[in-house]
Amino acid sequence: MSETPPNTLQYRFDGPEDAPVLILGPSLGTTWHMWDRQVPELTKQWRVFRFDLPGHGGAPARPVGSVGELADRLLATLDALGVQRFGYAGCALGGAIGLELALRRPERLASLALVAASPRFGTADEFRQRGVVVRSNGLDPIARSAPDRWFTGGFAAAQPAITEWAVQMVRTTDPGCYIAACEALAGFDVRPELGRVGVPTLVLVGSDDRVTGPAEARTLVAGIPDARLAVVPGASHLVPVEQPAAVTDLLVRHFSTAWQQPFDTGQTALPAAPVNPALAAAPRFAPRAEIAPAVVAQAQPFGEPDRYGTGLKVRREVLGDAHVDQVLAQADDFSGDFQELVTRYAWGEVWDRPGLDRRTRSCVTLTALVAGGHLEELAAHTRAALRNGLTPDEIKEVLLQAAVYCGVPAANSAFRVAQKVIREETTPAE
């Protein structure tokens with residue numbers, strides 16, 4: 001494979017050169033090998049294109065901080081290969097990329113399948129917290145917990161080779177790229193835009209998926225005008241690996257019947273790599289599909305003043321949804337105007353200025369809070385500093401610097417507060 005240019009993705013092709021292109025997008029922490037069991041059947045009809053996320057599977061470690069940027073890199077890769085129209089199936093983060101393509105470049109998309117996907121993945125706090133854990137402890141805690149998130153307990157116990165493969169796949173991912181992908185998922189929310197997805201869409205989910213389960217799948221089906229739901233029994237989050245035959249059959253049925261308009265090709269084939277032996281023993285199961293009942297989507301609020309809306313977004317990104325929700329919930333007629341003032345001016349203007357990045361602003365803020373003795377605010381901004389990318393060692397250096405210029409007693413109190421927060425934030429969940 002040739003060297004990957006900076007604005008493109010590591011990729012591979014399988015299947016006939018003259019067939020329509022079908023893209024398979026991976027989940028966070030996986031490689032293109034998660035689709036190994038689907039490729040033999042899919043290549044009977046399609047030219048299958050798989051790609052790795054930055055820093056995954058040995059791909060160059062060029063972090064991308066938003067789902068939109070990942071979609072741009074994928075399109076740049078396809079443009080260089082002469083691929084204009086394609087079908088797309090993506091799992092989890094790969095599904096988010098598919099939604100981004102459907103919303104921004106619908107003329108390129110012939111048909112769409114969303115696997116273990118959601119219009120919003122959990123909360124921004126959850127993914128930024130995961131980034132803090134990785135920055136402080138490396139990827140090993142995330143790797144060790146991957147089988148619990150990805151597979152049912154019975155499958156993990158019966159398939160130890162696949163379970164170990166999953167752990168090693170995460171463990172060998174570049175930490176910086178993993179953190180950037182977490183930030184991309186933290187900022188992803190297309191719930192208000194689902195009605196603009198204009199291509200036939202299959203929403204596929206494992207019945208036992210505790211990450212993005214049937215409830216999230218039904219939200220997608222309710223919001224996308226031309227969407228069907230398929231629920232695969234006995235499967236968790238990484239359903240293409242756990243139930244390979246079911247997923248393959250559903251994808252073949254969907255893309256065989258829902259493909260829109262002609263296709264263009266023009267790419268050069270790469271030699272086929274062998275199927276990962278750990279996946280070869282995966283059992284087969286029959287699929288079960290169901291049509292989700294229609295629900296009325298709730299209208300999304302809009303029309304907020306620009307500075308307030310921007311400030312609320314920045315405030316949530318820096319301090320976390322839970323903190324902001326608690327503060328705003330406590331506001332009443334007496335304090336509500338103050339909270340609006342803080343959101344509009346502190347967060348919508350000063351924190352949003354381009355002159356300093358958020359890491360630097362966190363350093364300045366921590367020092368100012370130590371000087372003022374504002375320990376309650378210091379706890380919140382220590383969490384914010386970790387989520388803005390500062391490491392515990394860097395926070396320690398800020399507090400040591402503050403000890404010199406703000407006084408040892410003030411820094412002593414600050415160290416106690418910061419130590420407690422850092423332990424809470426950087427200790428991996430059991």
Side-chain angles (χ1 to χ4, degrees), residues 24-30 33-38 89-96 98-99 113-123 126-127 130 141-167 169-170 185 201-224 227-254 276 278-293 295 428-430:
L24 302 179
S27 176
L28 173 63
T30 74
H33 286 297
M34 67 161 285
W35 295 102
D36 275 353
R37 292 284 291 175
Q38 282 70 48
C91 182
L93 176 53
L99 282 166
L114 304 173
V115 181
S118 176
R120 185 191 187 196
F121 291 78
T123 68
E126 291 169 356
F127 282 101
R130 191 185 298 185
I142 304 296
R144 286 187 279 107
S145 65
D148 291 336
R149 295 192 308 274
W150 287 354
F151 306 127
T152 60
F155 179 88
Q159 300 290 338
I162 296 179
T163 302
E164 179 59 23
W165 162 80
V167 170
M169 189 165 46
V170 179
L185 286 171
T201 303
L202 172 68
V203 179
L204 195 157
V205 64
S207 62
D208 301 328
D209 188 344
R210 293 177 296 172
V211 180
T212 50
E216 286 85 353
R218 289 187 171 90
T219 299
L220 287 168
V221 173
I224 298 172
R228 295 180 302 114
L229 175 64
V231 179
V232 179
S236 187
H237 189 60
L238 214 60
V239 58
V241 174
E242 187 163 6
Q243 301 279 20
V247 171
T248 301
D249 292 345
L250 289 164
L251 292 180
V252 169
R253 275 198 280 163
H254 173 67
N276 190 303
L279 303 185
R284 297 181 62 87
F285 294 87
R288 172 172 63 89
E290 63 181 54
I291 303 297
V295 297
E430 294 298 331

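For the residue pair F155 and V241, the shortest heavy atom distance occurs at CZ-O, 4.1 Å. Closest approach of S207 to P233, counting heavy atoms only: OG-CA, 3.3 Å. Of all non-hydrogen atoms in G29 and W150, the two that sit nearest each other are O-CH2, 3.8 Å. Contact record, S118 with E216: OG-CG, 3.6 Å, taken as the closest heavy-atom pair. Closest approach of H237 to R149, counting heavy atoms only: CB-O, 3.3 Å. Smallest separation of non-hydrogen atoms from L114 and G95: CD2-O, 3.5 Å.
Annotation: the span from T152 atom OG1 to D209 atom CG amounts to 11.0 Å, rounded to 0.5 Å. A distance of 11.5 Å separates CG in L93 from OG1 in T212, rounded to the nearest 0.5 Å. Separation of atoms OG1 (T163) and CG (D148) is listed at 9.5 Å; rounding is to 0.5 Å. To the nearest 0.5 Å, atoms CG (L220) and CG (L202) are separated by 11.0 Å. With values rounded to the nearest 0.5 angstrom, L28 atom CG is found 10.0 Å from F121 atom CZ. Atom CD1 of I224 and atom OG1 of T219 lie 10.5 Å apart (nearest 0.5 Å).
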Trace of the side chain to side chain contact (heavy atoms under 4.5 Å, CB included) decision for V232 with L204: CA-CA 7 Å; V232 179; L204 195 157; 3.9 Å; yes
Full working for side chain to side chain contact (heavy atoms under 4.5 Å, CB included) between V231 and L229: CA-CA 7 Å; V231 179; L229 175 64; 4.0 Å; yes
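Between S236 and E242, the side chains place no donor N or O within less than 3.5 Å of an acceptor N or O (distance only, hydrogens not considered).
Under a 3.5 Å cut-off, the side chain of R37 and the backbone N or O of V247 do not form any donor-acceptor pair.
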